[in-house]
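The structure under discussion appears below in the form of structure tokens.
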There are 2 protein chains.
Amino acid sequence: MTKSFDNLRSELANEIKQSRRLLGLTQEALALQAEVDRTYVSQLERGIANPSILILHRISMVLGMNLSIRLRGTSDQ
Amino acid sequence: MTKSFDNLRSELANEIKQSRRLLGLTQEALALQAEVDRTYVSQLERGIANPSILILHRISMVLGMNLSIRLRGTSDQ
DNA sequence: ATGTGACTTTCAGTCCGTG
DNA sequence: ACACGGACTGAAAGTCACA
């Protein structure tokens, strides 16, 4: 479990939390619409889960976002 | 399993395959270095797997890429 | 309304092989 | 060198009680 992975995971956690709050949704409301458990949303936002891309996709849909997963060259911005 | 998820998955599959080929790596060599199973790399590149972000992170590291997972507003570029 | 631990179930990911 | 399958194991995902 590298440091760069922990960074990735916590950045993702923050993105979810911020997007959710912008919509004025509770974790529970997000969980209900995304069809995941309320406590799993909590785990995601605390950065302690290792989610699959399917779960992330479902959550991003509810948040009105497109999930973008890219491999970027380290020289890129 | 929505269509937009299938698109996401196959785009990711293509990115991995192309990056790997650019480095002249076989699926097996990539699998060995990323510490994932050779048959799972095959599944990833065929877009029939639902990987966790940890696996994607490990693979992107071997490919010399940064894994970027973002929630983007649908109006964004 | 959220965090957390303990628990069960399901599927991601492995390991064996074949053409 | 890769697609594909079957059987297996550990981790992701789902459930619940409580603070």
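Every chain is numbered from 1, with letters handed out A, B, ... down the list of sequences.
Between D/dC2 and B/S42, no contact under 4.0 Å exists linking OP1 or OP2 to a side-chain N or O. OP1 or OP2 of D/dG14 has not a single side-chain nitrogen or oxygen of A/Y40 nearer than 4.0 Å.
Taking every heavy atom of both residues into account, A/G47 and A/R9 meet most closely at O-NE, 3.2 Å. The nearest pair of heavy atoms linking B/L54 to A/F5 is CA-CE1, 3.4 Å. Between A/P51 and A/Y40, the closest heavy-atom pair is CA-OH, 3.7 Å.
Atoms CD1 (A/I53) and C1' (D/dA12) sit 14 Å apart, rounded to a whole Å. Taking atom CG of B/L54 as the reference point, atom P of D/dA12 lies 7 Å away to the nearest angstrom. Going from atom CD1 of B/I48 over to atom P of D/dA3 covers 9 Å, rounded to whole Å. Counting to the nearest Å, the P atom of D/dA13 and the CG atom of A/N50 are 7 Å from each other.
Comparing the same atom, P, in D/dG14 and in C/dG13 gives a spacing of 14 Å after rounding to whole Å.
Residues from residues 10-32 of chain A with heavy atoms under 4.0 angstrom of DNA chain D: there are none.
Side-chain contact between B/R70 and A/E11: present, with at least one pair of heavy atoms (C-beta onward) separated by less than 4.5 Å. Counting heavy atoms from C-beta on, the side chains of B/I53 and B/H57 never come closer than 4.5 Å. Annotation: side chain of B/L67 is in contact with side chain of A/L71 (closest heavy-atom distance under 4.5 Å). Side-chain contact check for A/L56 versus A/L12: some heavy-atom pair is nearer than 4.5 Å.
Judged as a salt bridge (charged side-chain N to carboxylate O under 4.0 Å, His left out), not a single pair has a partner in residues 48-60 of chain B (not counting sequence neighbours).
Contacts of B/V36 with the nucleic acid, taken as non-hydrogen atoms under 4.0 Å apart, involve only primed sugar atoms and P, OP1 or OP2.
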Identify each donor-acceptor pair in which a side-chain atom of residues 24-34 of chain A lies under 3.5 Å from a protein atom, sequence neighbours left out, and give them as a table.
| from | atom 1 | to | atom 2 | distance (Å) |
| --- | --- | --- | --- | --- |
| A/T26 | OG1 | A/E28 | N | 3.4 |
| A/T26 | OG1 | A/A29 | N | 2.9 |
| A/Q27 | NE2 | A/E45 | OE1 | 3.0 |

Could you run down the sub-3.5 Å N/O contacts of the protein with nucleotides 16-18 of chain D?
none

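If you take CG on B/L22 and CG on B/L63, they are separated by 9.5 Å, rounding to the nearest 0.5 Å. Atom-to-atom distance recorded for A/S60:OG and A/I55:CD1 is 11.0 Å, nearest 0.5 angstrom. Within the model, atoms CE of B/M65 and CZ of B/R20 stand 13.5 Å from one another, a figure rounded to the nearest 0.5 Å.
A chain of hydrophobic side-chain contacts below 4.5 Å, direct or via other Ile, Leu, Val, Met, Phe, Trp or Tyr residues, connects A/L44 to A/L23.
The outermost nucleotides of DNA chain C lying under 4.0 Å from heavy atoms of chain A, listed 5' to 3', are C/dA1 to C/dT4.
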**Pair pattern of DNA chain C in dot-bracket, where unpaired bases get dots and | marks partners in another strand, Watson-Crick or G-U under 3.5 angstrom** = .|||||.||||||||||||
